[in-house]
K.L.:
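Encoded as structure tokens, here's the structure I'll be asking about.
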There are 4 protein chains.
Amino acid sequence: MNEFDNKPEVGGIAVDRLRTIVERIERLEEERKGLANDIKDIYAEAKSAGFDVPVIRRIIRARKQEPAEVEEQETLFDVYRRALGM
Amino acid sequence: MNEFDNKPEVGGIAVDRLRTIVERIERLEEERKGLANDIKDIYAEAKSAGFDVPVIRRIIRARKQEPAEVEEQETLFDVYRRALGM
Amino acid sequence: MNEFDNKPEVGGIAVDRLRTIVERIERLEEERKGLANDIKDIYAEAKSAGFDVPVIRRIIRARKQEPAEVEEQETLFDVYRRALGM
Amino acid sequence: MNEFDNKPEVGGIAVDRLRTIVERIERLEEERKGLANDIKDIYAEAKSAGFDVPVIRRIIRARKQEPAEVEEQETLFDVYRRALGM
């Protein structure tokens, strides 16, 4: 038992409110960490199924763009690469 | 309908497997974005309830440490601050 | 003048050493911020010269890889895109 | 020698301009990496001189704030910690 138990407000602080806020954030951060691990697991699964992980990451970014924009960037990438002798 | 429909494997690529992997990652990333927004909302709620958001962030970090370690770092912070005339 | 002036060590803290460390870090962080701004300026210049900035970023990443690896990833990206009907 | 040598503009691309832009960015990124390593070295030096590295990081953040604001956040941190029984 600590000094603030049964004291709804201390020094202008609503103790229960603060505790609720902190615990909700911690719970959501826990879930977020869980999701990040799930995503990592899927990439590991993709890798062991023989897929190229950096290319899958690019696919996922590209699916948020318009197909025509992806196509144009591919073309430009090739032009720039050849221009630089890569 | 695209060229790979009804073709379970093309150029060594298991099309369905790739599609499943990409869609699962996208779903989890969507959830992750949702959680990030939920956390942001709680901080906004904390702010409008009169709490100091950067201090709540520090509280959440500190709750992952041992109390004695938090205490020691507070003491050192004060010593260093005074040493530097802050 | 603060309480630690002319006191080379206070509470086990070598005041001058601490001050030197902190000031060196601050100076380097200042330089780092300057470089980040310089890089941003070059990208802005590239954009106004008509170049595609995200593609230049990819070029810079690709130049750290082996050409054969870049080539293979381009090929895989096309295969995956077609497989997914993008 | 590559296909673009002696060709100042190819497919609307000013080859020399592109090369200059890419090389300037690479040089600045190299310098930035050097600075990041220098900063890491100073933290390592601070650690071996007996300083607490996370506390030095906080000091450096705090020096960008007003002293009164730092003071107020320290006070609130203590109030919140006690409220939560930490």
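Only a predicted model underlies this, so the values are computations on that prediction, with no experimental measurement involved. Computed from heavy atoms alone, side chains included, the values below leave out hydrogens, waters and symmetry copies.
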K.L.:
Within this structure, what is the CG-CZ distance for the pair A/L84 and C/R63, rounded to the nearest 0.5 Å?
P.N.:
5.5 Å
K.L.:
Search all heavy atoms of A/L76 against all heavy atoms of C/D52 and return the closest pair with its distance.
P.N.:
CD1-CB, 3.6 Å
K.L.:
Within a reach of under 6.0 Å around NZ of A/K64, are more than 12 heavy atoms found that belong to other residues, nucleotides or ligands?
P.N.:
yes
K.L.:
Counting C-beta onward and ignoring hydrogens, is there a side-chain heavy-atom pair between A/E71 and C/R81 closer than 4.5 Å?
P.N.:
yes
K.L.:
What are the two closest heavy atoms between A/R58 and C/Q73, and how far apart are they?
P.N.:
NH1-O, 4.2 Å
K.L.:
Of all heavy-atom pairs between C/I56 and A/Y80, which one has the smallest distance, and what is that distance?
P.N.:
CG1-CE2, 3.9 Å
K.L.:
I want to check something: taking the side chain as every heavy atom from C-beta on, are C/E72 and A/V55 in contact at a cut-off of under 4.5 Å?
P.N.:
no
